[in-house]
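Accompanying notes for the structure given below.
Order of listing sets the numbers, starting from 1, for every ligand and every atom in it. A quick note: this is a predicted structure, and the numbers were derived from the prediction, not measured.
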Amino acid sequence: MKPYEKIIVALDVKMEKEALALVKKLKGKAGVFKIGKELFTACGPAIVKKIQKLGGKVFLDLKFHDIPNTVAKAVAQASKLGVYMMTVHTSGGFEMMQAAVKAAKENSQKGKEPIILGVTVLTSLDDKALKEIGFKYNPAQMVLRLAKLAKKAGVRGIVSSPKEVKILRKSLGKEMFLVTPGIRPLWAAAGDQKRIMTPKDAVRAGADYMVIGRPITAHKNPAEAADLIVGEI
Ligand code: C5P
């Protein structure tokens with residue numbers, strides 16, 4: 001894997017024009033482009049196709065969480081779109097994750113099966129918030145528990161904060177992809193991110209992919225920002 005392929009650019013914009021402009025600027029400078037709920041809700045599946053037409057791989061980050069049948073059907077549609085990666089909530093349960101994995105296999109072209117990633121505990125939930133919704137474990141315990149369950153269900157990777165990468169790598173082994181947001185090069189503003197790590201440290205800890213938004217997208221020259229990050233990796 002080349003260093004630039006580790007960079008997933010978060011296209012946190014609502015207009016197709018802005019998203020496509022970023023993809024054009026970052027072609028060959030980042031491996032994957034992440035479409036989240038805002039962009040997808042605003043532009044629909046057409047935006048996936050348009051990014052692919054420009055040569056970009058797509059990470060469809062819609063964090064599916066529903067009954068197994070419903071999630072499987074949504075994953076099937078995303079697989080037919082040819083996305084490279086997509087997310088499901090691990091707290092949807094073992095059966096739901098298995099259904100997602102199966103749907104991805106059955107609805108993609110051979111060798112082009114999307115990577116299903118599991119989201120464990122949202123980083124916006126702290127100990128108190130977890131207790132409030134009825135969980136008895138703390139966030140760190142929950143993350144490990146859910147990540148192991150995801151692996152057992154055939155999910156191929158986990159999205160986690162950079163601070164959790166080391167422990168996840170240790171307990172999940174080499175084959176699981178670890179994808180981490182909260183990345184900030186030393187020269188970038190932290191913004192609202194609290195538990196951050198530099199690209200170099202995240203890779204050193206064992207991250208396969210890094211989701212990077214504003215340090216690249218809000219930079220006056222996004223291509224230059226991506227180059228700086230590649231240099232650091
Ligand atoms: O701009 P920034 O680099 O903070 O963007 C990070 C991206 O990763 C955003 O799309 C954000 O929603 C996503 N993300 C995150 N923290 C998580 C999960 C996802 O920042 N725990």
- Task: Name the orientation class of the two ring planes belonging to Trp187 and His219 (parallel below 30°, tilted from 30 to 60°, perpendicular beyond 60°).
- Result: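 Rings of Trp187 and His219: perpendicular, over 60°.
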- Could you tell me whether Arg145 atom CZ has more than 12 heavy atoms of other residues or ligands within 6.0 Å of it? no
Could you grab the distance from atom [atom1] of [X] to atom [atom2] of [Y], nearest 0.5 Å is fine?
| X | Y | atom1 | atom2 | value |
| --- | --- | --- | --- | --- |
| Lys148 | Thr90 | NZ | OG1 | 13.5 Å |
| Lys174 | Phe177 | NZ | CZ | 14.5 Å |
| Tyr209 | Tyr84 | OH | OH | 3.0 Å |
| Ile212 | Arg184 | CD1 | CZ | 8.5 Å |
| Asn69 | Glu95 | CG | CD | 10.5 Å |
| Ile229 | Glu224 | CD1 | CD | 11.0 Å |

Could you tell me, atom by atom, which parts of ligand 1 come under 4.0 Å of a heavy atom of [X]?
| X | result |
| --- | --- |
| Arg184 | 1 (O), 2 (P), 3 (O), 4 (O) |
| Ala10 | 7 (C), 10 (O) |
| Val211 | 7 (C), 8 (O) |
| Gly213 | 1 (O), 2 (P), 3 (O), 5 (O) |
| Arg214 | 1 (O), 2 (P), 3 (O), 4 (O) |
| Pro215 | 3 (O) |
| Thr123 | 16 (N), 17 (C), 21 (N) |

- Message: Using a 3.5 Å distance criterion without hydrogens, assess whether the side chain of Asp208 forms a donor-acceptor pair with backbone atoms of Leu178.
- Response: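 Present.
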Can you find an N or O of [X] that's nearer than 3.5 Å to an N or O of ligand 1?
| X | value |
| --- | --- |
| Asp192 | no |
| Ile183 | no |
| Lys63 | no |

What protein heavy atom sits nearest [atom], and how far off is it?
| atom | result |
| --- | --- |
| atom 10 (O) of ligand 1 | Asp12 OD2, 2.8 Å |
| atom 12 (O) of ligand 1 | Lys34 NZ, 4.3 Å |
| atom 18 (C) of ligand 1 | Pro181 CG, 3.6 Å |

- Between Gln193 and ligand 1, which part of the residue brings a heavy atom under 4.0 Å of the ligand: side chain, backbone, both or neither?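 Contact part for Gln193 vs ligand 1: side chain (C-beta onward).
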- Query: What part of Ser124, side chain, backbone, both or neither, has a heavy atom within less than 4.0 angstrom of ligand 1?
  - Reply: neither
- Do Thr198 and Ile183 have side chains that get closer than 4.5 Å, going by heavy atoms?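 Thr198 does not reach Ile183 side chain to side chain.
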